[in-house]
Amino acid sequence: MTAETSQTLDRGLRVLKLLADTDHGLTVTELSTKLGVNRTVVYRLLATLEQHALVRRDLGGRARVGLGVLRLSRQVHPLVREAALPALRSLAEDIGATAHLTLVDGAEALAVAVVEPTWTDYHVAYRAGFRHPLDRGAAGKAILAARQGSYTEARCTLTHGELEAGASGAAAALVGVTGIEGSVGVVMLADSVPERVGPRVVDAAREVADALR
């Protein structure tokens, strides 16, 4: 801790991070042990967080992340979209295909930003807000591949005809971005993805990841 930081706020944020990392919640004693503070401090932290609906406690006394975090998270997508747009525009214009940023939303992949090329005669219509299962399409499969591996660099995933007949996709996961699971990709009307597209998609995913760090 430095003179410019708040110890109480730091502890409160650590509580939220600890609760976010568990599916079954934590007791006051468990939080006290993990934080290295006494139970009275934990009670005060939880009471304050509960007032803002950021934490809730079940009948057994276990603390869990509260629904208040959803109100905060709704503001994340616009910020992420804004950060990604320059790289997506460059990718769409360079490849001549629709570029997109996709984030995980539960068990689905959600397109939060889409950029269509300006110079092509035709391209795939792909809209922000489009959802599909994570295990279908290049965008979702790239995210799942990153979950299974310990990548330090993005890798490209290719698919054909999984979301739209005649369309091929290429996507690379965002690597090294804390708290965000997502991918950058392109979708095009083609039987296969040209060889140069894969490396270009990986570069775009790296640009977006750098912008979000």
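On a predicted model such as this, the values are computed, not experimentally measured, just so you know. Counting from 1, the numbers follow the sequence of the chain as shown.
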A.B. asks: Is any side-chain heavy atom of Leu46 closer than 4.5 Å to one of Leu31?
C.D. replies: yes
A.B. asks: Between the side chain of Ser32 and the main-chain N/O of Val37, is any donor-acceptor distance below 3.5 Å?
C.D. replies: yes
A.B. asks: Can you tell me how far OG1 of Thr120 sits from CD1 of Ile95, rounded to the nearest 0.5 angstrom?
C.D. replies: 12.0 Å
A.B. asks: Work out which heavy atom in Thr22 is nearest to a heavy atom in Leu26; give both atom names and the distance.
C.D. replies: CG2-CG, 4.0 Å
A.B. asks: Check whether Glu30 reaches the backbone of Thr27 with its side chain - one donor and one acceptor, N or O, closer than 3.5 Å.
C.D. replies: yes
A.B. asks: Can you sort out the partners of Asp135 under side-chain hydrogen bond (donor to acceptor under 3.5 Å, both in side chains), two or more places apart, ordered by chain and number?
C.D. replies: none
A.B. asks: Can you give me every donor-acceptor pair (side chain of residues 96-106, partner residue at least two apart or in another chain, under 3.5 Å) with its distance?
C.D. replies:
from	atom 1	to	atom 2	distance (Å)
Thr98	OG1	Val124	O	2.6
His100	ND1	Thr102	OG1	3.2
Asp105	OD2	Arg131	NH1	2.7
Asp105	OD2	Arg131	NH2	2.8

A.B. asks: What I'd like to find out is whether the side chain of Val80 reaches to under 4.5 Å of the side chain of Ile180, using heavy atoms alone.
C.D. replies: yes
A.B. asks: Quick check for you: to the nearest 0.5 Å, what is the distance between Leu13 atom CG and Leu49 atom CG?
C.D. replies: 8.5 Å
A.B. asks: For Lys17, give me all partners under side-chain contact (heavy atoms from CB on, under 4.5 Å), at least two apart in sequence or on another chain.
C.D. replies: none
A.B. asks: So, are Arg200 and Asp203 salt-bridged, with charged N and O less than 4.0 Å apart?
C.D. replies: no
A.B. asks: If only atom types and distance count, is the side chain of Arg81 paired as donor or acceptor with the main-chain N or O of Val112 below 3.5 Å?
C.D. replies: yes
A.B. asks: Tell me the closest heavy-atom pair linking Ala83 and Ala211, and the distance in Å.
C.D. replies: O-CB, 3.9 Å
A.B. asks: Check for a donor-acceptor pair, side chain of Thr159 on one end and backbone N or O of Ala138 on the other, with a separation under 3.5 Å.
C.D. replies: yes
A.B. asks: For residues 166-181, pull every pair meeting salt bridge (charged side-chain N to carboxylate O under 4.0 Å, His left out), keeping only residues two or more places apart or in separate chains.
C.D. replies: Arg147-Glu181
A.B. asks: Could you pull out the closest heavy-atom pair between Ala113 and Leu88, with the gap in Å?
C.D. replies: CB-CD1, 3.7 Å
A.B. asks: Do you know the tightest heavy-atom contact between Val55 and Ala63?
C.D. replies: CG1-CB, 4.1 Å
A.B. asks: Indicate yes or no: at least one non-hydrogen side-chain atom of Met188 is less than 4.5 angstrom from one of Pro194.
C.D. replies: yes
A.B. asks: So, does Ser90 use its side chain to make a donor-acceptor pair with the main chain of Pro86 at under 3.5 Å?
C.D. replies: no
A.B. asks: May I ask you to list the residues sharing a hydrophobic cluster with Leu79, side-chain cutoff 4.5 Å, ordered by chain and number?
C.D. replies: none
A.B. asks: Going by the rule side-chain contact (heavy atoms from CB on, under 4.5 Å), which residues pair with Leu59 if we only count those two or more places apart in sequence or in a different chain?
C.D. replies: none
A.B. asks: Heavy atoms only: give me the nearest Ala173-Ala146 pair and the separation to one decimal.
C.D. replies: CB-CB, 3.6 Å
A.B. asks: Sequence neighbours left out, cut at 3.5 Å: what donor-acceptor pairs do the side chains of residues 164-172 make with other protein atoms?
C.D. replies:
from	atom 1	to	atom 2	distance (Å)
Ser168	OG	His160	ND1	2.7
Ser168	OG	Ala190	O	2.7

A.B. asks: For Glu207, enumerate each residue passing the salt bridge (charged side-chain N to carboxylate O under 4.0 Å, His left out) test, keeping only those at least two apart in sequence or located in another chain.
C.D. replies: none
A.B. asks: Using side-chain heavy atoms (C-beta onward) and a distance below 4.5 Å, is Arg127 in contact with Glu116?
C.D. replies: yes
A.B. asks: Which residue pairs pass the salt bridge (charged side-chain N to carboxylate O under 4.0 Å, His left out) test when at least one of the two sits in residues 37-53, sequence neighbours left out?
C.D. replies: Glu50-Arg57
A.B. asks: Taking side-chain contact (heavy atoms from CB on, under 4.5 Å) as the test, write out the residues that go with Leu163, two or more places apart.
C.D. replies: Phe130, His132, Arg136
A.B. asks: State which residues pass side-chain contact (heavy atoms from CB on, under 4.5 Å) with Asp58; sequence neighbours excluded, sorted by chain then number.
C.D. replies: Arg62, Arg64
A.B. asks: Please find the pair of heavy atoms, one from Ala142 and one from Thr157, that lie closest to each other, and give the distance.
C.D. replies: CA-OG1, 3.5 Å
A.B. asks: Is Arg89 salt-bridged to Asp94, cutoff N-O under 4.0 Å?
C.D. replies: no
A.B. asks: Among Leu67, Leu16, Leu19, Thr48, which one satisfies side chain to side chain contact (heavy atoms under 4.5 Å, CB included) with Leu54?
C.D. replies: Leu16
A.B. asks: Do Leu110 and His77 have side-chain heavy atoms sitting under 4.5 Å apart?
C.D. replies: yes
A.B. asks: Only counting residues at least two apart or in another chain, list the ones meeting salt bridge (charged side-chain N to carboxylate O under 4.0 Å, His left out) with Arg11.
C.D. replies: none
